[in-house]
Amino acid sequence: MEKNNYYYTFKKIIRECNVTNTYKMAWAKAIVEIACESTPTQEVTTIYLKDIAEKMMKYYWNQTIFFNLVQGSNLQETPLIVQHVKELIKKYYDSRQTKKPERFERIEEYLKSNMEKEYAQCLIQVTKTLKADVSWRFTVIRGENNNGIYQYKKGDKKLEILTENLKTLQENCEDLFDLINYRWGMILETFNTAPRINKKVKIIDEQAIKRNSLSKFKKYLDVENPTRKCFLCGKEIKEEELSIDHVVPWSYLYSDDLWNLVYVHKSCNSTKNNVIPLEVEIIKLEERNKEMLQKLKKQGKQDKIMDELELAIEKNYVRKFWIGCKS
């Protein structure tokens with residue numbers, strides 16, 4: 001398949017594929033997200049179904065734990081993958097002794113560390129379903145198999161995709177995420193009567209969440225940035241113009257974390273609004289976090305906020321949440 005035709009064909013599959021549930025949209029979204037995270041060096045890139053399964057678990061966890069959206073046309077039988085994710089959510093609630101919904105990204109490490117057996121079992125079952133069904137059905141439109149999308153042998157644990165095609169997905173990821181989310185929302189509207197389906201696909205419900213004061217973070221930000229230079233324009237900020245900004249938009253994270261907070265001018269913050277940051281800003285934030293952690297350690301500081309900053313650096317939260325935000 002020619003490179004300039006690959007993007008068209010991938011979009012065609014998303015638009016025209018037959019669906020009885022939302023599996024194909026979750027599968028497509030996972031592949032595009034993996035493409036965004038990849039830095040391949042070989043001519044052909046291998047993607048393991050286990051990695052796709054983890055992404056799909058994240059999507060269904062977030063849509064289920066917040067909104068319990070119906071994901072299939074058969075109202076008497078929940079799709080298998082959603083069944084497994086719901087069971088994991090139930091076990092998570094039992095483990096934490098709470099019914100508070102949490103985004104998958106925020107408790108992923110808890111699941112892997114404190115519920116290792118339950119998490120692994122869910123991952124095995126989701127991967128098994130992908131092998132049996134979604135992996136080979138995704139490329140079929142009206143009986144025609146578009147084999148050029150990727151190479152996959154039914155029942156295998158991995159698929160192979162030309163690296164130049166993976167880069168095509170990466171370069172067009174924003175448009176593809178928008179298309180996948182729109183199509184996913186349209187599919188969900190046939191299964192659900194709940195309002196604002198497309199908002200729910202993106203897990204956005206801003207009116208329901210209260211914003212907290214960020215003043216407690218100043219003592220940490222001042223250690224790394226004592227002259228209070230604006231993260232966006234680089235100029236020093238007068239006290240009356242000082243503002244603290246979320247680099248990865250708050251409307252995506254719904255959380256205040258030191259690793260995502262920077263000093264900016266109020267005017268710069270207002271101009272930026274809720275725009276997803278560019279990669280150059282993400283790289284700058286990653287470097288800032290490393291420098292801030294070193295300076296805080298030199299001062300002998302050690303508390304929960306410091307621990308969270310260190311974990312964010314170790315687990316690459318900035319890039320992970322940025323990619324997730326774009327999707």
Side-chain angles (χ1 to χ4, degrees), residues 30 33-34 36-39 50-51 53-55 57-59 61-62 65-66 85 88-89 91-93 95-98 100-120 122-123 203 209 211-225 231 244-263 276-277 279 281-327:
E33 188 170 341
I34 289 170
C36 288
E37 297 170 344
S38 300
T39 53
K50 176 180 73 69
D51 295 329
E54 280 197 295
K55 299 291 187 189
M57 284 167 61
K58 174 179 69 173
Y59 308 145
W61 175 287
N62 288 340
I65 203 167
F66 283 99
V85 172
L88 185 61
I89 290 173
K91 291 175 180 176
Y92 167 76
Y93 280 155
S95 174
R96 297 297 289 265
Q97 293 294 297
T98 179
K100 179 184 177 182
E102 293 281 5
R103 289 185 66 95
F104 183 88
E105 298 93 324
R106 301 202 68 82
I107 49 84
E108 183 178 0
E109 292 304 319
Y110 177 88
L111 294 174
K112 291 179 178 179
S113 300
N114 298 78
M115 298 175 57
E116 184 178 0
K117 182 179 178 181
E118 294 87 346
Y119 181 87
C122 182
L123 183 59
I203 317 297
I209 300 177
R211 303 287 291 264
N212 296 316
S213 170
L214 302 177
S215 59
K216 69 178 182 180
F217 293 102
K218 284 185 177 180
K219 62 182 180 181
Y220 302 95
L221 295 173
D222 281 341
V223 171
E224 187 275 328
N225 187 5
F231 183 81
I244 299 177
D245 180 42
H246 300 76
V247 180
V248 178
W250 182 88
S251 59
Y252 173 74
L253 288 174
Y254 297 142
S255 178
D256 305 318
D257 304 282
L258 179 59
W259 57 264
N260 190 42
L261 297 175
V262 294
Y263 280 143
I276 297 171
E279 185 168 17
E281 294 170 322
I282 293 302
I283 294 171
K284 184 178 177 182
L285 181 62
E286 290 172 329
E287 293 303 314
R288 191 289 307 260
N289 285 340
K290 293 175 184 176
E291 186 176 345
M292 180 161 57
L293 181 62
Q294 289 178 353
K295 289 183 176 181
L296 288 169
K297 282 186 172 181
K298 282 183 179 179
Q299 289 197 358
K301 293 184 182 295
Q302 193 63 51
D303 56 22
K304 182 182 177 182
I305 291 177
M306 277 272 294
D307 292 340
E308 290 172 351
L309 173 62
E310 192 163 15
L311 180 65
I313 295 170
E314 178 187 342
K315 300 298 182 181
N316 204 19
Y317 279 0
V318 170
R319 191 158 294 268
K320 178 186 290 187
F321 280 102
W322 176 61
I323 292 172
C325 179
K326 293 204 297 181
S327 72

Exercise: identify the closest heavy-atom pair between R103 and N62
CA-OD1, 3.3 Å
Looking just at side-chain N and O atoms, do N114 and E109 make a donor-acceptor pair shorter than 3.5 Å?
no
Counting C-beta onward and ignoring hydrogens, is there a side-chain heavy-atom pair between L293 and M306 closer than 4.5 Å?
yes
Hey, does I323 have a side-chain heavy atom less than 4.5 Å from the side chain of E33?
yes
Does atom NZ of K216 have more than 12 heavy-atom neighbours, drawn from other residues, nucleotides or ligands, at distances under 6.0 Å?
no
Counting heavy atoms not belonging to Q299, are there more than 12 under 6.0 Å from its CD?
yes
Take K284 and V262 through the test side chain to side chain contact (heavy atoms under 4.5 Å, CB included) and record every step on the way to the result.
CA-CA 11 Å; K284 184 178 177 182; V262 294; over 6 Å; no
Do the side-chain N and O atoms of D303 and Y220 include a donor-acceptor pair separated by under 3.5 angstrom?
yes
Could you walk me through whether I305 and F217 pass side chain to side chain contact (heavy atoms under 4.5 Å, CB included), step by step?
CA-CA 9 Å; I305 291 177; F217 293 102; 4.0 Å; yes
Could you tell me whether the side chain of Q302 reaches within less than 4.5 Å of the side chain of D307, counting heavy atoms only?
yes
For K100, check salt bridge (Lys or Arg N to Asp or Glu O under 4.0 Å) against everything at least two apart and list the hits.
E102
Would you call D245 and F231 a side-chain contact if the rule is heavy atoms closer than 4.5 Å?
no
Would you call E105 and K320 a salt bridge, taking side-chain N to carboxylate O under 4.0 Å as the test?
no
So do the side chains of L285 and E281 get within less than 4.5 Å of each other, counting heavy atoms only?
no
So how far is it from N225 CG to K218 NZ, rounded to the nearest 0.5 Å?
12.5 Å
Rounded at 0.5 Å granularity, tell me how far CD in E37 sits from CG in N316.
9.0 Å
List in chain and number order the residues that pass salt bridge (Lys or Arg N to Asp or Glu O under 4.0 Å) with R288, two or more places apart in sequence or in another chain; answer none if no residue qualifies.
none
Residues I107, W61; criterion side chain to side chain contact (heavy atoms under 4.5 Å, CB included); working and verdict
CA-CA 11 Å; I107 49 84; W61 175 287; 3.5 Å; yes
Non-hydrogen side-chain atoms of W259 and L311 separated by less than 4.5 Å
no
Report yes or no: does N289 contribute a side-chain atom to a donor-acceptor pair with the main-chain N or O of L309 at less than 3.5 Å?
no
Sub-4.5 Å side-chain heavy-atom contact between D51 and K55
no
I'd like to know if E108 pairs up with K58 as an ion pair, taking the criterion as any Lys NZ or Arg NE/NH1/NH2 lying under 4.0 Å from an Asp or Glu carboxylate oxygen.
no
In the structure I gave you, are the side-chain heavy atoms of I283 and R319 within less than 4.5 Å of one another anywhere?
yes
Drop me the distance from K295's NZ to E224's CD, to the nearest 0.5 angstrom.
5.0 Å
Could you tell me whether the side chain of W322 and the main chain of P277 form a donor-acceptor pair under 3.5 Å?
yes
Is the shortest side-chain N to carboxylate O distance from K91 to E118 below 4.0 Å?
no
Of all heavy-atom pairs linking I282 and V318, the shortest is CG2-CG1, 3.6 Å
dist H246:NE2 -> D256:CG (nearest 0.5 Å) comes out at 4.0 Å
Over all atoms of both residues, closest heavy-atom pair of L258 and M292:
CG-CE, 3.7 Å
One pair to check against side chain to side chain contact (heavy atoms under 4.5 Å, CB included): I65 and Y93. What are the steps and the verdict?
CA-CA 10 Å; I65 203 167; Y93 280 155; 3.1 Å; yes
How far does CG of L111 sit from OH of Y119, to the nearest 0.5 angstrom?
7.0 Å
